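For reference, the structure discussed in these notes is given below.
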Amino acid sequence: MGHRFLELAASDAARAAQAVRGSRAAYARMESGAPFHDRLGPKEADFIAARDSFYLASVNPAGWPYIQHRGGPAGFLRVLDDRRLGFADLAGNQQYLTLGNVATEDRIALFLMDYPNRRRLKLLGRMRPVDLADDAALAALLVDPDHPAPVERGFVITVEAFDWNCPQHITRRFTEAHLDDILAPVRARIDQLTRDNAALLARIAELEQDNRP
């Protein structure tokens with residue numbers, strides 16, 4: 001079995017392309033041996049808990065893929081255990097495209113991005129909706145009582161595989177919160193220099209006053 005993500009994601013056509021372009025041997029080694037990248041570990045759990053958004057891909061009955069962005073407070077995508085994730089489905093534009101897609105095909109893909117550190121985590125899994133009114137324990141885990149948007153349902157994802165991507169071609173982007181953290185020492189230094197300059201000007205004014213005839 002080996003690398004579970006490659007087992008699920010790589011088709012015969014992809015393997016043929018690898019063979020033609022010289023990368024097949026390396027990926028063949030990754031696909032052999034005991035299974036791995038099929039259960040979330042501490043590294044994945046910490047990464048997921050720090051994210052405030054992700055991209056979710058599903059497929060409709062006609063075979064067309066659909067990708068949507070999901071956002072919320074950091075950690076709104078909960079790690080329930082080493083094989084399950086969950087999140088509260090908030091009220092939106094009421095198209096219900098993803099909800100409709102998973103009703104006929106529960107296989108989905110997630111992309112989780114860390115733009116400042118140029119990291120990304122890909123997951124493959126199966127997703128199902130949950131009526132949180134019927135599952136108080138799950139509702140307590142998924143619903144943020146401080147978030148103002150109405151919750152329509154929960155989603156639980158059974159993770160089948162994951163993979164980490166290299167940072168190549170990921171453009172670094174920073175949120176306002178990231179920039180606040182980065183600039184905090186600079187702002188503190190500017191404030192201190194401003195205070196020091198004001199004190200120096202006041203001292204100069206005192207000396208000029210003392211030296212007047």
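Remember, it's a predicted structure, so these values are computed and weren't measured experimentally.
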With rounding to the nearest 0.5 Å, note down the distance linking [atom1] in [X] to [atom2] in [Y].
X      : Y      : atom1 : atom2 : answer
Leu121 : Asp163 : CG    : CG    : 8.5 Å
Leu6   : Gln18  : CG    : CD    : 7.5 Å
Arg153 : Asp131 : CZ    : CG    : 9.0 Å
Ile170 : Gln168 : CD1   : CD    : 9.5 Å
Leu56  : His69  : CG    : NE2   : 11.0 Å
Leu85  : Leu40  : CG    : CG    : 5.5 Å

Any chance [atom1] of [X] has more than 12 other-residue heavy atoms, nucleotides or ligands included, within less than 6.0 Å?
X      : atom1 : value
Asp196 : CG    : yes
Arg21  : CZ    : no
His169 : NE2   : no
Ile67  : CD1   : no

Keeping the roles fixed (side chain from [X], backbone from [Y]), state whether a donor-acceptor pair exists under 3.5 Å.
X      : Y      : result
Arg4   : Ala161 : no
Asn117 : Arg119 : no
Glu31  : Ala28  : no
Glu105 : Arg107 : yes
Arg78  : Leu141 : yes
Asp114 : Arg118 : no

Locate the shortest heavy-atom distance separating [X] from [Y]; write the atom from each residue and the value.
X      : Y      : value
Asp38  : Arg83  : O-CD, 3.2 Å
Leu132 : Gly154 : CG-N, 3.6 Å
Ala10  : Arg15  : O-NH1, 3.0 Å
Leu124 : Ala109 : CD2-CB, 3.8 Å
Arg120 : Phe111 : CD-CE2, 4.0 Å
Tyr115 : Thr171 : CD2-O, 3.6 Å

State plainly whether one hydrophobic cluster holds both [X] and [Y], where clusters connect Ile, Leu, Val, Met, Phe, Trp and Tyr through side-chain heavy atoms under 4.5 angstrom apart.
X      : Y      : answer
Val130 : Val151 : yes
Met113 : Phe47  : no
Leu99  : Ile157 : yes
Phe87  : Leu138 : no
Phe155 : Leu77  : yes

With sequence neighbours excluded, what pairs up with Arg203 under the salt bridge (charged side-chain N to carboxylate O under 4.0 Å, His left out) test?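 Expected list: Glu206.
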Side-chain contact, heavy-atom cut-off 4.5 Å: [X] with [Y]?
X      : Y      : value
Asn101 : Asp106 : no
Phe54  : Ile48  : no
Val159 : Arg39  : no
Pro73  : Asp52  : no
Val59  : Ile108 : no
His3   : Phe36  : yes
Thr175 : Leu179 : no
Phe76  : Arg51  : no

Passes side chain to side chain contact (heavy atoms under 4.5 Å, CB included), Tyr55 versus Gln68? Steps please. CA-CA 6 Å; Tyr55 301 97; Gln68 65 173 188; over 6 Å; no
Is the closest basic N to carboxylate O distance between Arg70 and Asp89 below 4.0 Å?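 So Arg70 pairs with Asp89 through a salt bridge.
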Side chain to side chain contact (heavy atoms under 4.5 Å, CB included) between Thr158 and Met127: does it pass, once the steps are laid out? CA-CA 6 Å; Thr158 300; Met127 189 169 81; over 6 Å; no
Side chains of Gln192 and Arg195: is there a donor and an acceptor less than 3.5 Å apart?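 Note: Gln192 and Arg195 side chains meet the donor-acceptor criterion.
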Check step by step if side chain to side chain contact (heavy atoms under 4.5 Å, CB included) holds for Met30 and Phe5. CA-CA 10 Å; Met30 294 176 67; Phe5 191 93; over 6 Å; no
Ring-face cation of Arg29 near Tyr27 (centre distance under 6.0 Å, axis angle within 45°):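 Cation-pi check for Arg29 and Tyr27: fails.
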Please evaluate residues His37 and Phe162 with respect to the criterion ring pair (Phe, Tyr, Trp, His ring centres under 6.0 Å), reporting the C-alpha separation (whole Å), side-chain torsions for both, the decisive distance (0.1 Å), and the verdict. CA-CA 6 Å; His37 279 205; Phe162 68 88; 4.5 Å; yes
